[in-house]
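Accompanying notes for the structure given below.
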There are 2 protein chains.
Amino acid sequence: MTEMSSSSPSGTGVPGRIGIGLQMDAIHMKMLEILRENARISVAALAERVGISRASAYTRLDALRADGVIKRFTAEVDHVRAGLGITALLFVTVRQQMWKQFRAQLAQMPEVEYCAITTGQHDAMIQVRMPDVAAVHTLVTERLANIPAVKATETVFILDEVLRRPYVLPSDRRQQPRQNPRKAPAPEQSPRRPSGIDPEGPSTIPLGKMRFVGAAEGRADMHKDDD
Amino acid sequence: MTEMSSSSPSGTGVPGRIGIGLQMDAIHMKMLEILRENARISVAALAERVGISRASAYTRLDALRADGVIKRFTAEVDHVRAGLGITALLFVTVRQQMWKQFRAQLAQMPEVEYCAITTGQHDAMIQVRMPDVAAVHTLVTERLANIPAVKATETVFILDEVLRRPYVLPSDRRQQPRQNPRKAPAPEQSPRRPSGIDPEGPSTIPLGKMRFVGAAEGRADMHKDDD
DNA sequence: GTTGAAATTAGTACGAA
DNA sequence: TTCGTACTAATTTCAAC
């Protein structure tokens, strides 16, 4: 349950295209901004804050839900106070052609809060919440390791969660900090240009330190023991 | 804004202890289970589903909010349909003694959805939502790289988000037959359907492939160019 | 912790701009 | 389409038990 990939047509995994059906406008965006911070706001108050009538607010809210822009309204609970004080990231390497089984197994693990398929050294990242570190270790060695689709894992603990935003929206890209005056990346508000490589920008930062990890780089060493 | 560490006493970063103030019971848990899946449910319906009166439901809901167990009610929006089709993970190595500056810079980056301090090869993991891959590249090379606290980064793209659960609760932990008898968080009467897939499959996977990455392992090579 | 009544709000329908 | 209004059902608040 709680499957994602709502925008993926099939199980292929690549996020699909944008906004079929509903034509998002500034009012829709504003509604999203308000709702992600207070999902229990009354429709009347929502209508007033975005400056439309109450009836229109109902219509638009229904449209947002029906079109899948809003997937659900949820409560953000403090996992620590709820009794799950340990958060870990499990990076797993998945045997090819066993993805379907891997996904099926994940659905059976309720302690998994998030799972994403990634490029890079590993194939997937799983975030779990557990009561203690021993439980994480048990989970990894006794349950994850028993999944045939899992070839290798790497465990990393989360020491602190600095910030979690209810969900980023395009309209968030506005204010830029002033402390990098060498570059003023056009704080626009509505039109979204395809973020060109910014031809004018000679970077003064040594980019040699930056590593861009593609789809299969560095994975060979983990595959070598698979045959 | 949207700072986390609500359970950390200061900015030290280590998640703190559990449930100060409020004594969680089975009814509180059940309310959380319901609210994380439908934050807009009426209190009357919530009261009926957990089997208490409405007034009690109001009282308990207020308590959950006041105690911080429920941090907020939010809307899960489909970022793809909202216009941010690309999700990336940025693993960054942070210069020691510059953590405070690093956190301050993060607060200025609205495209950041999540940031956690981790053990392992890197120091922090940042999840960003962007309209396209070029925007990610621009963000990494021109904004992240300009932060003095950032020593190195590694970018990984998310190809698919397999699942996201609104927030894991202790009651999610299905009954484990035998593997962790030291902690048994009493799943009570939650009707958790047993999966058809055998959880205790034969351990045919060599555990030697499992890597457990501690706090500083493998980090030396990224620090070598810092002096 | 529970009930019940008053005040408020939600949800829907319909006509008009 | 969107808005404004009216109307009924449902919810929240507050009181007393």
Side-chain angles (χ1 to χ4, degrees), chain A residues 18-77 81-83 166 169-171 189-191, chain B residues 19-78 81-83 166 169 171 186 188-190:
Chain A
I18 163 178
I20 34 229
L22 181 62
Q23 189 170 332
M24 298 281 295
D25 58 14
I27 292 179
H28 281 127
M29 276 298 170
K30 203 163 182 181
M31 291 176 77
L32 290 182
E33 287 178 35
I34 294 169
L35 284 168
R36 69 178 171 170
E37 294 193 5
N38 178 17
R40 281 183 77 85
I41 191 176
S42 72
V43 181
L46 181 63
E48 191 191 9
R49 285 188 58 182
V50 300
I52 60 176
S53 72
R54 206 162 64 90
S56 295
Y58 274 106
T59 304
R60 298 180 87 111
L61 185 54
D62 284 344
L64 285 173
R65 302 243 268 165
D67 200 64
V69 180
I70 295 176
K71 290 188 286 190
R72 106 224 287 173
F73 295 103
T74 187
E76 267 194 34
V77 342
R81 301 203 186 200
L169 294 175
S171 52
Q189 58 163 6
S190 45
Chain B
I20 32 230
L22 180 62
Q23 187 171 335
M24 298 280 295
D25 59 14
I27 290 179
H28 281 127
M29 275 299 171
K30 205 163 182 180
M31 291 176 76
L32 290 182
E33 286 179 35
I34 293 168
L35 285 168
R36 70 177 171 170
E37 294 194 5
N38 178 16
R40 280 184 79 85
I41 190 176
S42 71
V43 180
L46 182 63
E48 190 191 9
R49 285 189 57 183
V50 301
I52 59 177
S53 70
R54 305 120 227 236
S56 295
Y58 276 104
T59 304
R60 299 180 88 113
L61 184 55
D62 285 343
L64 285 172
R65 300 245 268 166
D67 199 63
V69 180
I70 294 176
K71 290 189 285 190
R72 102 219 296 171
F73 295 102
T74 188
E76 267 195 34
V77 342
D78 187 320
R81 303 203 183 203
L169 294 175
S171 52
E188 49 132 349
Q189 55 169 358
S190 285

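Just so we're on the same page: letters track the sequence lines, and every chain starts at 1.
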Among all residues two or more places apart in sequence or in another chain, which pass the side-chain contact (heavy atoms from CB on, under 4.5 Å) test with A:Ala66? none
Output every pair passing salt bridge (charged side-chain N to carboxylate O under 4.0 Å, His left out) with a member in residues 38-50 of chain B, not counting sequence neighbours, ordered by first then second residue. none
Any protein N or O atoms within reach of nucleotides 6-9 of chain D? Criterion: under 3.5 Å, listing atom names and distances.
unit_1	atom_1	unit_2	atom_2	d
D:dA6	N6	A:Arg54	NH2	3.4

Residues from residues 56-65 of chain B lying under 4.0 Å of DNA chain D - heavy atoms: B:Tyr58
The correct set of residues in residues 43-53 of chain A placing a heavy atom under 4.0 Å from DNA chain C is A:Val43, A:Ala44
Can you tell me how far P of D:dT12 sits from CD1 of A:Ile41, to the nearest Å? 15 Å
Comparing B:Asp25 and B:Arg40 on DNA chain C - which has the more 5′ nearest nucleotide: B:Asp25
Looking at CD1 of B:Ile70 and NE2 of B:His28, how far apart are the two atoms once the value is rounded to the nearest 0.5 Å? 9.0 Å
Report the distance from atom CE of B:Met29 to atom CG of B:Leu169, rounding to the nearest 0.5 Å. 6.0 Å
All salt bridge (charged side-chain N to carboxylate O under 4.0 Å, His left out) counterparts of A:Arg36, not counting sequence neighbours: A:Asp172
Not counting sequence neighbours, which residues clear side-chain contact (heavy atoms from CB on, under 4.5 Å) with B:Thr59? List them please. none
Residues which pass side-chain contact (heavy atoms from CB on, under 4.5 Å) with A:Ala47, listed by chain and number, not counting sequence neighbours: A:Ile52, A:Ala57
Rounded to the nearest 0.5 Å, the CG atom of B:Leu64 sits from the CD1 atom of B:Ile27 at a distance of 11.0 Å
In terms of side-chain heavy atoms of B:Ser42, which of D:dC14, D:dT5, D:dT11 is nearest? D:dT11
Can you name the residues that form a side-chain contact (heavy atoms from CB on, under 4.5 Å) with A:Ala45, not counting sequence neighbours? A:Ile41, A:Ser42
What residues, two or more places apart in sequence or in another chain, satisfy salt bridge (charged side-chain N to carboxylate O under 4.0 Å, His left out) together with B:Arg54? none
